[in-house]
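See below for the structure under consideration.
Each chain gets a letter, A, B and so on, in the order the sequences are listed, and its residues count up from 1. Hydrogens, waters and symmetry mates are skipped; everything else that's a heavy atom, side chains included, is used.
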Amino acid sequence: MPGSTLPSPKGTRDFYPIEMARRRWIEDKWRKTSVRHGFEEIDGPTFEHVEVFTIKSGEGIVSEIFGAFSGKDETQLENLKQGHAPFALRPEFTPTLARMFAARAKQLPQPTKWFWQGPCFRAERPQRGRLREFLQWNCDILGMGGPDQPKERATADAEAIAVCVDLLASCGLKPSDITVQINDRHIVAGMLAECGAAGREMQALMLLDKRGKIPEAEIGPMFAAMGVDLARFDAMAAGLRAPRVSDSPRFADLGAALASLGVEDWCAVNPYIARGLAYYTGTVFEVIVDGERAVAGGGRYDNLIEVFGGPPTPAVGFGMGDVVLSLVLQDKGLMPTDAQIAKDLGLRPDAFVISNGTPESDAAVAPLLARLRGRGLHARRSYKATKNIGKLLKDASDAGARFAIIIEGAGEVTLKNLDDNTQDRGATDAMLARITP
RNA sequence: GCGAUCGUAGCUCAGUUGGCAGAGCACCGGGUUGUGGUCCCGGUUGUCGCGGGUUCGAGUCCCGUCGGUCGCCCCA
C-alpha cells in the first residue's frame, strides 16, 4: 500500500540534481572568492542555545526563531522568552562566529579573516526572495583597526566590501547593475542626536531605515513625535550623500581604501541605510539592486565579541543569501545554462561506454568502466535495453560526455569525440590513452 | 497576524452556457543487429488539492479547508 506523499515544510526547498548543481555553482563562487581574498573557512552548529541569539537582539526576534516550539500563540511565545525552548535553529551566523572567536581570541592571529557558508532558518512568512531555510555566505575580519586607528579600520571595512564586490563581479554583474550603499551608524546617530534624538538614537535609526518605504506624510509626524527635526536631518544628510565615497568628507578614509582595492565604482554613500541588526556600531552597507530585496548586508560590530565574553575586538563582516542572489542573476540573464554549470563544476563525464551489441562486447562494458574509473576518469554507461547505437549516443550526448567509447570486441574500440564529432577506430589501449582528465 | 491570487498527468498548461479527462514536454519502446544535439510511430502516467453542498449530471457553480505564489507586517 503506497502512502500519500508529504509536502516539504513551508518555505523550504527540495534540491533535485539540477537545482543542486545550481546551488553548488553559487557555493563554489562563494568559496573560491573567499579563499582568493585570504579568508579561512569555519563552521559551527546549526542550532545554538537560544540565548546566543537573544543576548544582543531586539524585540520581535524571538517570534521568528525556530526553536523547540514552532507555533506562535501567546503561551508558546512566553515559553520561548522564558528559555523553555533551550535551543534555536540559527537565524544568522554572526553570533556563532562571535562566540567562537571569543572562546579562542587570545590564540587567534590579528586580523583573523574567516568565511562561512551554510543554512540559516527564520520562521517568517515566505515570499519572493525570502524563505524559511536559505543558504548564507559570511565573511568577517576581526581584530583589525582599533578605536584610534581610523585608517586600519577603513582598510578592514574596504576589504570586507571588496570581497563582496568580487563575488558579484565573478557572477558577471557590473557596477551599473548593482550598488553597495554605504553608511555609518555612528555618524548618523550623532546627526540625529543633534536634530533632537539624543538618548533615542537607536529608535531614530530604525525609523530612518523605513524612510522611502513609508509615505513622507506619515513618517514626518513619526520623527516629530520622537522630537527629531527631520528637515534639519535631511539637510545634514544631503551633505553626507555622495555617488563617490571619497567625495564625502566623513568617508574619506573608506573611500581611499575602496579606491585602492579597485571597487569604488561599485559603491555610494547613502545616509538612509541603517540595517535592522542591533549590534552594528559604525560602518553599515547593503548591496542593492532595483526590484529585489537586498542581496547582501553587513557592517562593523565592535562590541559583539565582548558580549560573548571575549576581549574588546573590532570586527566587520557581511552576509549574503543565495535566494536573492539567484533571483538577481536570473533577472539579469546571468545564470549559466545547466550544461555550462556541469562543465564549470567538473561534472561532465569523460567517457561514455557503449557496447556494439554482441554478447562479448556487452560483457566488456563493466570491465572497461572499472578500468577508466581506476584511472580517475568519470565514466558512465547507458542502462537502456536498446542496441540502437544512435539512441545510445544520444544518451552519451544527454549526459554531456566528452567521449563515447564503442566496444567493437576483441581489444578494439571506436573513440568518438562528442564535442567536435570526430572519431577513430583502433586498439583499445591506444584509444584510451587519448582520454586525459 | 492581514490581503490578493492560483491548485487538472512526473513538468508546463488547455478544458466552451455544467454533458465521455486533453495537449506539449519528459520517460520507456520501435522505425534503424552501427553514429548524438533533429525527425516519425507507439506506449505508460490522473483521488481534476481535500471535504461538504446544489444538480439527472460538477474539473466547471456555492461553502469550508489545506497548500503554493505574490504583497502588507516584520526582516537578525
Report the base-pairing partner of B:rC27 (Watson-Crick or G-U wobble, both distances below 3.5 angstrom), or none. B:rG43
Among A:Tyr279, A:Phe101, A:Phe308, the one residue meeting ring pair (Phe, Tyr, Trp, His ring centres under 6.0 Å) with A:Tyr301: A:Tyr279
Atom [atom1] of [X] and atom [atom2] of [N]: how far apart are they, to the nearest Å?
X        : N      : atom1 : atom2 : value
A:Arg293 : B:rC75 : CZ    : C1'   : 8 Å
A:Ile18  : B:rC25 : CD1   : C1'   : 15 Å
A:Phe121 : B:rC74 : CZ    : C1'   : 20 Å

Can you list the steps and then say if A:Asp322 with A:Arg13 is a salt bridge (charged side-chain N to carboxylate O under 4.0 Å, His left out)? CA-CA 12 Å; A:Asp322 74 307; A:Arg13 293 170 289 181; 2.9 Å; yes
A:Arg31, A:Lys29, A:Arg23 screened by side chain to side chain donor-acceptor pair (under 3.5 Å) with A:Glu27, the one that passes: A:Arg23
Which nucleotide sits closest to the side chain of [X]: [options]?
X        : options                : value
A:Arg125 : B:rG34, B:rC72, B:rA76 : B:rC72
A:Pro91  : B:rC70, B:rA76, B:rU35 : B:rA76
A:Asn388 : B:rG34, B:rC70, B:rU32 : B:rU32
A:Arg128 : B:rA76, B:rG71, B:rC74 : B:rG71
A:Lys416 : B:rC73, B:rG29, B:rG36 : B:rG36
A:Lys384 : B:rG29, B:rG34, B:rG1  : B:rG29

Reckon [X] touches a base, only the sugar-phosphate, or nothing at all at heavy-atom distances under 4.0 Å?
X        : value
A:Lys10  : sugar-phosphate
A:Glu408 : base
A:Thr94  : nothing

Taking atom CG as the centre, does A:Asp420 end up with more than 12 heavy-atom neighbours from other residues, nucleotides or ligands that are less than 6.0 angstrom away? yes
Residue pair A:Met431, A:Arg425: steps toward the side-chain contact (heavy atoms from CB on, under 4.5 Å) verdict: CA-CA 8 Å; A:Met431 291 297 112; A:Arg425 180 167 172 164; over 6 Å; no
For the residue pair A:Phe318 and A:Trp137, is the inter-centroid distance of their aromatic rings smaller than 6.0 Å? yes
Near RNA chain B, under 4.0 Å by heavy atom, which residues of residues 389-400 of chain A? A:Ile389, A:Gly390, A:Lys391, A:Leu393, A:Lys394, A:Ser397
